[in-house]
Amino acid sequence: MKLFAVDMDGTCLDGHSRLSDENLQALRQAAQAGIQVVPTTGRSLSCLPHRLREEGFFRYVISSNGAVVTDRQTGETLFQALIPRQRALELVRQADRLPVGITAHLDNEYLVQGRALSLLGRLAFGPDARSSIRVEDMAQAIANSGKDVEEIQLYFLSRSAQEATRQMLARCAPDCLAAFTGQYVEIFSQNASKGIALAHLAQRLGIAKEEVACIGDGENDLHMFQAAGLRFAVGSGVPELKQQADVVVAANGENGVAQAVREYLLKERR
């Protein structure tokens with residue numbers, strides 16, 4: 001394998017959004033063995049786990065669920081599939097009428113509307129949340145930026161809010177994709193997915209699908225599976241992903257990423 005795409009939350013990070021020493025060391029070892037390690041995350045680029053941001057063993061990042069691919073060495077954007085600004089403004093203005101919290105990924109940054117949601121983020125993500133930017137009016141921030149949007153996230157404050165959000169998206173965003181969890185929904189361009197971004201990066205690097213490995217835990221990683229020749233799922237992942245995985249490794253809190261690297265990727269290269 002020449003490329004290893006690694007999901008972050010729920011896969012490489014434990015239940016407290018922490019990157020363990022063991023997983024970090026295993027990723028270093030993979031890079032030292034000549035494997036391109038590619039963090040592949042739903043986070044914005046600025047909110048990459050702080051322990052990874054300090055590292056230099058990886059060059060490329062797939063962020064915002066595949067909306068952006070970045071070359072860290074040159075700062076170049078290698079791929080992007082964004083929500084048009086006017087569509088994003090319409091979505092945010094409609095969401096403002098619902099009992100939901102609003103965040104957005106814009107120009108590689110993570111914007112959070114309001115003080116309450118910003119405080120909750122700091123409690124949930126610790127040091128990683130320090131990279132977020134608090135805004136008082138998301139629509140105004142997007143309008144002032146003059147740029148298209150990577151992703152919008154809406155956090156539900158009640159079960160009825162979740163259903164109201166589904167109805168709003170069906171009405172206002174037929175050209176966007178939405179990935180729901182029990183707590184929030186991620187909204188992104190219909191041309192964005194981890195799989196599309198991963199396939200684009202592999203092609204650019206001259207790496208065949210059969211030489212790509214990936215690891216994930218959630219439904220949004222199913223697209224990534226389509227672009228990889230070797231597919232790992234952590235034991236704590238959703239059933240649909242584990243059914244399609246070639247190998248199921250330990251849970252995210254038990255260093256499943258390190259197991260995938262040491263028991264499979266590195267052994268293959270010996």
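Heavy-atom basis, side chains included; hydrogens, waters and symmetry copies ignored. In this chain, residues are counted from 1 in sequence order.
K209 places no side-chain N or O within donor-acceptor distance of the main-chain N or O of A199, the cut-off being under 3.5 Å. Looking at Q113, its side chain does come within 3.5 Å of a backbone N or O of M138 through a donor-acceptor pair. Proximity of a side-chain donor or acceptor of S64 to a complementary backbone N or O of G66 within less than 3.5 Å is not detected. Under a 3.5 Å cut-off, the side chain of R159 and the backbone N or O of G182 do not form any donor-acceptor pair. Judged by distance alone, with hydrogens and angles left aside, the side-chain atoms of N23 form a donor-acceptor pair with the main-chain N or O of A258 at under 3.5 Å. Formation of a donor-acceptor pair under 3.5 Å by the E211 side chain with backbone atoms of A208 is found in this model. Side-chain N or O atoms of H200 include one that pairs as donor or acceptor with a backbone N or O of L78 at under 3.5 Å. For the pair K242 (side chain) and G235 (backbone), a donor-acceptor distance under 3.5 Å is present.
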message: Applying side-chain contact (heavy atoms from CB on, under 4.5 Å) to L19 and C12, what does each step give before you reach the verdict?
response: CA-CA 7 Å; L19 175 59; C12 196; 3.5 Å; yes

Test log, rule side-chain contact (heavy atoms from CB on, under 4.5 Å), inputs R43 and Y110: CA-CA 8 Å; R43 298 185 180 203; Y110 182 47; over 6 Å; no

task: Apply side-chain contact (heavy atoms from CB on, under 4.5 Å) to R171 and R166, showing your working.
output: CA-CA 9 Å; R171 183 176 68 253; R166 286 186 185 275; over 6 Å; no

task: Begin with the C-alpha distance, continue with both residues' side-chain angles, and end with the deciding distance and a verdict on salt bridge (Lys or Arg N to Asp or Glu O under 4.0 Å) for R231 and D246.
output: CA-CA 5 Å; R231 303 166 296 184; D246 298 303; 3.4 Å; yes

field: Residues E22, R262; criterion salt bridge (Lys or Arg N to Asp or Glu O under 4.0 Å); working and verdict
entry: CA-CA 11 Å; E22 189 166 348; R262 291 169 177 159; 3.4 Å; yes

task: Mind running side-chain hydrogen bond (donor to acceptor under 3.5 Å, both in side chains) on S20 and N255 for me, showing each step along the way?
output: CA-CA 7 Å; S20 70; N255 300 308; 2.6 Å; yes

task: Please report the C-alpha distance between R204 and E76 in whole Å, then the side-chain angles of each, then the deciding distance to 0.1 Å, and finally whether the salt bridge (Lys or Arg N to Asp or Glu O under 4.0 Å) criterion is met.
output: CA-CA 13 Å; R204 186 182 181 98; E76 182 184 2; 3.5 Å; yes

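Put simply, the side chain of D217 does not reach to within 4.5 Å of the side chain of N252, judged on heavy atoms. The side-chain heavy atoms of I102 and D96, taken from C-beta on, include a pair separated by under 4.5 Å.
Ion pairing between a basic and an acidic side chain is recognised when a charged N comes within 4.0 Å of a carboxylate O; D107 and K147 show such pairing. The pair R93-E90 does not meet the salt-bridge criterion, since no charged nitrogen lies less than 4.0 angstrom from a carboxylate oxygen.
Judged by the 6.0 Å and 45° rule, R72 forms a cation-pi pair with F58.
Both V6 and L265 belong to a single network of hydrophobic side chains, linked directly or stepwise wherever heavy atoms of I, L, V, M, F, W or Y lie under 4.5 Å apart. Transitive grouping of hydrophobic side chains (ILVMFWY, heavy atoms separated by less than 4.5 Å) brings Y264 and V257 into a common cluster. Note: the hydrophobic cluster containing V247 also contains V234 (ILVMFWY, side chain heavy atoms under 4.5 Å, direct or indirect links). At a threshold of 4.5 Å between side-chain heavy atoms, the hydrophobic network of Ile, Leu, Val, Met, Phe, Trp and Tyr places F156 and L98 in one connected group.
A pairwise comparison of heavy atoms in H16 and D14 identifies N-OD1, 2.8 Å as the closest pair. Closest approach of A143 and L89 over heavy atoms only: N-CD2, 3.8 Å. Contact detail for S132 and V112: the closest heavy-atom pair is CB-CG2, 4.0 Å. Across all non-hydrogen atoms, the minimal contact from V149 to A88 is CG2-CB, 3.6 Å. Scanning both residues, S44 and H105, for their nearest heavy atoms gives N-CE1, 3.4 Å. Residues F188 and I83 share a closest heavy-atom pair of CA-CD1, 3.8 Å.
Note on ring orientation: taking the six-membered ring where Trp is involved, the planes of F4 and F232 are perpendicular (angle over 60°, cut-offs 30° and 60°).
Defined by atom type and a distance below 3.5 Å, a donor-acceptor pair is present between the side-chain atoms of N65 and E186. One side chain, R28 or Q25, offers a donor N or O that lies under 3.5 Å from an acceptor on the other. Between Q36 and R59, the side chains place no donor N or O within less than 3.5 Å of an acceptor N or O (distance only, hydrogens not considered). Checking Q80 against D148 by side-chain atom types alone, no donor-acceptor pair falls below 3.5 Å.
Of the residues D221, T41, T40, the one that meets the side chain to side chain donor-acceptor pair (under 3.5 Å) test with K194 is D221.
Around CD of Q203, the count of heavy atoms belonging to other residues, nucleotides or ligands within 6.0 Å does not exceed 12.
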